[in-house]
Amino acid sequence: MSGTTTAGARLRAAGGGANRWVVLVVLCISLLLVALDATVLHVAVPAVTEDLRPTGVELLWIVDAYPLICAALLILFGTLGDRVGRRRVLLIGYGIFGLASAIAALATTPEVLIGARALLGVGGAMIMPATLSILRAVFPDRRERAMAIGIWTAVAAVGAATGPVLGGFLVENFWWGSVFLINIPLMALILPVGRRLLPESRGSADGPWDVLGALMAAVGVLGTVLGVKRLGAGDSVLDVKAVGPLLLGGVLLALFVRRQKRREHPLIDMRMFARATFSTSVGCIVLAMLALVGLELIAVQYLQLVLGLSPLETGLRLLPLTFAAMAAGATGSHTLHRVGPRRMVGWGFVLTAAAVLLLTLMGQHDRPWLLTTAFVVLGFGLQTTLFGAYESMLSEAPPDQAGGAAAIGETSYQLGAGMGIALLGSVMNAAYAPALTSLSGVPGPAGSAASNSLGEAYQVADRLGGSSGEMVRSTARHSFVNGLHVTLLVSAGLLLLGALAALRLPRVMECAAAAEKFPAPRRPEVSLPASREPAEATGSGRAAH
């Protein structure tokens with residue numbers, strides 16, 4: 001038998017045969033690295049502070065440069081992959097991610113580390129939408145694609161959850177730069193493997209790529225996320241440092257949408273948002289993250305500062321949430337096929353809201369079984385919701401717009417997370433602070449400082465000592481738990497709002513090709529790298545199932 005094959009045979013290998021599951025493994029490893037890097041630095045912040053001595057502003061940018069740049073560039077690189085090839089963009093992203101990791105690991109100044117983190121964001125923005133859009137291309141059958149997306153979302157949950165645990169282990173046994181150094185051998189391995197195994201795919205290449213539109217989207221998302229993060233960090237709604245970027249981002253995004261509607265060959269086909277399934281799926285992703293991410297940060301503070309658990313113990317307490325999320329991802333395809341998108345997303349929201357309400361039974365004393373039960377239900381419900389929303393969104397998008405659709409989904413995730421930190425953080429502060437600012441027998445400046453956070457209240461209590469210090473500590477703990485309960489109720493309300501929004505999703509899992517809903521000038525191409533294709537390969541066929 002000849003060593004060469006036709007393009008159709010290669011397509012079957014990538015999209016319709018066993019090799020598509022190998023492709024999924026490569027894509028999941030890619031996503032795991034990006035998800036890990038989003039959280040692995042958190043536990044290394046004290047070590048970085050001690051070694052590099054950054055200012056407060058520099059430390060903020062060390063932590064935030066990666067997610068900010070990544071969120072800003074998702075649409076740019078997602079749509080670029082549709083034009084020049086998603087595999088090509090993904091492989092370049094691997095190289096940039098590995099290079100940036102080396103620079104970050106060896107950084108000797110805060111400025112170099114900030115620059116390296118920003119470069120990591122560029123690599124992450126090239127990798128994330130490419131993994132999801134390639135997955136869309138190699139799994140044309142919706143039932144199999146649903147199973148693949150379930151695995152993909154579970155891997156994302158595992159990466160985000162294990163980042164702090166892995167980071168803590170590395171910092172304790174090596175030095176803070178090791179949290180970046182682990183990326184280098186993995187990238188050195190996955191780059192040649194990806195080059196050999198991943199199929200190339202692209203959408204319609206008609207018309208020039210809208211460079212100005214891509215830059216407008218990038219700056220618009222950057223301004224919006226930056227403004228939301230500043231509000232979440234406690235900046236006033238009248239502070240120009242928060243409102244300025246927010247307004248600029250909103251205006252640029254509005255102009256971007258207007259520009260895309262008028263162009264003959266837009267970066268993103270805005271007709272997708274006119275379809276209830278696509279727009280509702282995006283909205284559900286935003287609402288899920290809006291309700292949960294800020295709550296997660298507050299829950300970690302509760303475990304450490306109220307219950308007195310160590311960082312490692314805190315990570316172990318959160319593991320049931322991760323395992324439940326993995327189970328939801330593994331069974332998501334079956335659930336979606338049996339109950340349909342509407343019930344899956346809607347009941348996922350309801351289940352998550354029930355878990356959040358169960359957490360209102362938490363007090364100042366540890367109740368391990370309550371927390372474990374609530375975290376299991378929370379992880380399963382949230383992952384069920386995100387799975388159904390992502391699968392419906394991606395299946396509703398035309399294949400030639402897969403990169404743009406994936407970028408929209410990931411950007412929605414980031415925006416929802418940022419807004420959740422801002423909104424729920426503000427609710428928590430509003431419920432926590434008043435009791436600390438008017439304590440009798442406590443100096444005004446001390447009460448004001450204690451009202452900033454529970455951790456700062458403990459520091460104030462230690463400085464004051466005696467009965468005054470004990471009163472500050474007791475009041476702060478009590479106010480924090482009360483504030484947590486209020487925040488949980490607000491979060492549950494947002495989740496129930498998401499359940500109502502899910503009523504706009506289809507009742508059943510329709511397996512008709514999205515390309516029929518959005519006729520494109522050209523069919524998307526899926527082929528293996530040109531260096532390994534015979535001259536007669538056309539790359540125009542689609543795998544048969």
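Computed over heavy atoms, backbone and side chain alike; hydrogens, waters and symmetry mates excluded. The first residue of the sequence shown is numbered 1, and numbering continues consecutively from there. What you are looking at is a predicted structure, and each value in this text was computed from that prediction instead of being measured.
- No donor-acceptor distance shorter than 3.5 angstrom exists from the side chain of Ser479 to the backbone of Ala476, with no hydrogens or angles considered.
- Of all heavy-atom pairs between Cys284 and Gly498, the closest is SG-O, 4.2 Å.
- A donor-acceptor pair under 3.5 Å links the side-chain atoms of Arg136 to the main chain of Leu394, judged by distance alone.
- Side-chain N or O atoms of Thr384 include one that pairs as donor or acceptor with a backbone N or O of Phe380 at under 3.5 Å.
- Contact record, Ala406 with Ser133: CB-N, 4.3 Å, taken as the closest heavy-atom pair.
- Here the side chain of Arg87 pairs a donor or acceptor atom with the backbone of Arg195 at under 3.5 angstrom.
- Residues Trp152 and Phe387 place their aromatic rings such that the two centres sit no closer than 6.0 Å.
- Residue pairs meeting the side chain to side chain donor-acceptor pair (under 3.5 Å) criterion with at least one member in residues 282-291, sequence neighbours excluded, do not occur.
- Counting only distance, with no hydrogens or angles, the side chain of Thr352 and the backbone of Leu382 share a donor-acceptor pair below 3.5 Å.
- Within the 4.5 Å cutoff, the side chain of Leu99 has heavy atoms near those of the Ile103 side chain.
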### Message
Show, in sequence, the C-alpha distance, side-chain angles and deciding distance for Leu181 and Phe174, and conclude whether the side chain to side chain contact (heavy atoms under 4.5 Å, CB included) test is met.
### Response
CA-CA 11 Å; Leu181 207 59; Phe174 302 99; over 6 Å; no
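- Distance alone, capped at 3.5 Å, places no donor-acceptor pair between the Arg117 side chain and the Ala104 backbone.
- The side-chain heavy atoms of Met326 and Gln383, taken from C-beta on, include no pair separated by under 4.5 Å.
- Counting only heavy atoms from C-beta outward, the side chains of Met272 and Ile408 approach each other to under 4.5 Å.
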### Task
Apply the test side chain to side chain contact (heavy atoms under 4.5 Å, CB included) to residues Val257 and Phe273: give CA-CA distance (whole Å), side-chain angles for both, the deciding distance (0.1 Å), then the verdict.
CA-CA 11 Å; Val257 171; Phe273 287 95; over 6 Å; no
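- Looking at Leu371 and Leu359, their side chains come closer than 4.5 Å, going by heavy atoms from C-beta outward.
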Ignoring hydrogens and angles, write down the donor-acceptor pairs under 3.5 Å from the side chains of residues 121-129, residues two or more places apart or on other chains.
none

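- Ring orientation note: the planes of Tyr390 and Tyr413 are tilted relative to one another, at an angle of 30° to 60°.
- For the pair Phe480 and Leu305, the minimum side-chain heavy-atom distance is 4.5 Å or more.
- Screening Val221, Thr224, Val219, Leu247 for a side chain to side chain contact (heavy atoms under 4.5 Å, CB included) involving Leu252 leaves a single residue, Val219.
- Counting heavy atoms of neighbouring residues, nucleotides and ligands inside a 6.0 Å radius, atom CE of Met362 exceeds 12 of them.
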Applying side chain to side chain contact (heavy atoms under 4.5 Å, CB included), run through Leu212 and Arg259 and close with a yes or a no. CA-CA 10 Å; Leu212 178 59; Arg259 179 180 177 86; 3.6 Å; yes
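- Looking only at distances, no side-chain donor or acceptor of Arg86 sits under 3.5 Å from a matching main-chain atom of Ala130.
- A pairwise comparison of heavy atoms in Ala217 and Leu253 identifies O-CD2, 4.0 Å as the closest pair.
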